[in-house]
There are 2 protein chains.
Amino acid sequence: MKNHWPTALDRLKKSSYKVTQARLALLKYLVKNHGPYTIEDIHVKIGCDTCDLATIYRNVEVLMNLNLLNRCEFGDGVSRYEFKNPNDHHHHLVCRTCRRIETIDACFFDSIKKHVSKLGYSDLTHQFEVFGICPKCRKKAQNSHPKT
Amino acid sequence: MKNHWPTALDRLKKSSYKVTQARLALLKYLVKNHGPYTIEDIHVKIGCDTCDLATIYRNVEVLMNLNLLNRCEFGDGVSRYEFKNPNDHHHHLVCRTCRRIETIDACFFDSIKKHVSKLGYSDLTHQFEVFGICPKCRKKAQNSHPKT
DNA sequence: TTTCGTGCAAAACCTTTGCAAAGTG
DNA sequence: CACTTTGCAAAGGTTTTGCACGAAA
């Protein structure tokens with residue numbers, strides 16, 4: 001598995017943004033950990049004293065602009081972020097009950113691209129999430145609402 | 001094109017929820033208009049005097065429980081809702097600049113379902129959104145940042 | 001040294017909730 | 001009549017912003 005840290009750091013260095021401690025800590029954490037993570041997750045994990053929450057909000061936007069992150073929306077009112085690894089494009093399967101996140105290593109975006117290209121949009125990105133009830137939560141629900 | 005109002009109304013009537021003016025207005029609006037719409041959009045469109053914003057928030061949950069609506073997240077911090085028409089499954093292409101929404105009449109969820117079913121999740125739903133820059137916004141951007 | 005980034009606190013924003021009054025079946 | 005729903009106002013939670021100070025190039 002390729003180490004993406006040098007490439008990611010390089011993209012930050014070559015940008016017009018400055019290389020700061022907060023940005024290094026944020027990027028390093030997301031490159032090394034799979035995620036996706038909420039802003040608050042990240043704040044705790046990199047150490048609350050590393051930088052302020054507001055700084056993470058601001059720098060997540062910076063890294064989004066550099067095309068280094070994906071934003072995920074799971075419908076619970078919180079955004080989650082993960083490192084955009086070009087060799088590991090994937091999607092998510094989220095349990096509606098316990099919020100457990102599984103990875104789906106498949107994508108059908110290519111087959112839908114032609115439908116989209118007719119419309120002349122550029123700089124395409126996509127977001128695909130599957131929701132369901134995981135086996136554990138289903139069993140729990142069955143036990144608490146027995147049918148007989 | 002089939003009129004979905006009778007079926008939708010019927011599902012509400014047969015549920016344990018009561019049929020109220022606010023629910024009728026909300027459901028009728030979403031059945032007749034394509035959307036997806038934000039809560040505030042809906043509040044204005046059905047008439048702010050029809051019911052309170054809080055009532056729409058509550059009833060959108062009711063209609064979600066009845067499987068009559070889809071919730072869409074476009075990453076701008078606001079949820080949008082649309083009537084879930086079983087004969088018109090589609091996805092969205094959203095301009096990151098002007099938020100214009102186009103419909104994509106294609107879906108390849110079936111082809112990804114087998115990857116998902118191995119994991120034992122039930123009650124699957126999915127959310128697929130494509131983002132890009134629409135032709136109008138791209139032209140505007142080119143004019144304001146000329147290359148020569 | 002000049003410009004950009006950060007911490008802190010306040011504000012903005014969307015959404016949820018408590019409660020008394022009104023509506024539904 | 002019993003129970004649900006609503007309006008209103010307040011609270012909750014996440015994200016954004018202003019500004020003075022500190023850090024990077």
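A, B, ... follow the sequence lines: proteins, then strands. Residue 1 opens every chain.
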Between protein and nucleic acid, restricted to nucleotides 16-20 of chain D and to nitrogen or oxygen atoms under 3.5 Å apart, what atom pairs and distances do you find?
{"from": "dG18(D)", "atom 1": "O6", "to": "R58(A)", "atom 2": "NH1", "distance (Å)": "3.3"}

Hits for ring pair (Phe, Tyr, Trp, His ring centres under 6.0 Å) against Y81(B), two or more places apart or cross-chain, chain-then-number order -> none
Sorted by chain and number, sequence neighbours left out, ring pair (Phe, Tyr, Trp, His ring centres under 6.0 Å) with Y121(A) holds for none
dist R80(B):CZ -> L69(B):CG (nearest 0.5 Å) comes out at 15.0 Å
Here the distance between atom P of dT15(D) and atom CD of E73(B), to the nearest Å, is 12 Å
By side-chain hydrogen bond (donor to acceptor under 3.5 Å, both in side chains), Y29(B) pairs with (sequence neighbours left out) none
Ring pair (Phe, Tyr, Trp, His ring centres under 6.0 Å) filter on F74(A), not counting sequence neighbours, yields H92(A)
From CG of N59(B) across to P of dT4(D) the rounded distance in Å is 15 Å
The ring pair (Phe, Tyr, Trp, His ring centres under 6.0 Å) partners of H34(B) (sequence neighbours excluded) come to H90(B)
One would report the end-axis bend of the helix from dT1(C)-dA25(D) to dG25(C)-dC1(D), five pairs per end and rounded to 10 degrees, as 40°
Just call it for S79(B): base, sugar-phosphate, or nothing, with non-hydrogen atoms closer than 4.0 Å on any strand. sugar-phosphate
Atom pairs, N/O to N/O, protein against nucleotides 21-25 of chain D, distance under 3.5 Å?
{"from": "dA24(D)", "atom 1": "N3", "to": "K18(A)", "atom 2": "NZ", "distance (Å)": "3.2"}
{"from": "dA25(D)", "atom 1": "OP1", "to": "V19(A)", "atom 2": "N", "distance (Å)": "3.3"}

Heavy-atom nearest pair, I56(B) first then C51(B), reads CG1-SG, 3.7 Å
Contacts satisfying side chain to side chain donor-acceptor pair (under 3.5 Å) that involve residues 42-59 of chain B (not counting sequence neighbours) are R23(B)-N59(B)
Under a 4.0 Å heavy-atom criterion, DNA chain C is touched by chain B from dC14(C) to dG25(C)
F108(B) ring center within less than 6.0 Å of F128(B) ring center: no
Apart from I133(A) itself, its cluster of hydrophobic side chains linked below 4.5 Å comprises none
Keeping the roles fixed (side chain from R71(B), backbone from G75(A)), state whether a donor-acceptor pair exists under 3.5 Å.
no
Residues at least two apart in sequence or cross-chain that pass side-chain hydrogen bond (donor to acceptor under 3.5 Å, both in side chains) with N67(B), listed by chain then number, are K84(B)
- request: Determine yes or no for a side-chain-to-main-chain donor-acceptor pair under 3.5 angstrom, with N33(A) supplying the side chain and G35(A) the backbone.
  value: no
For S16(B), answer base if it contacts any base atom (sugar-phosphate contacts may also be present), sugar-phosphate if it contacts only those atoms, and nothing otherwise; contact means non-hydrogen atoms under 4.0 Å. nothing
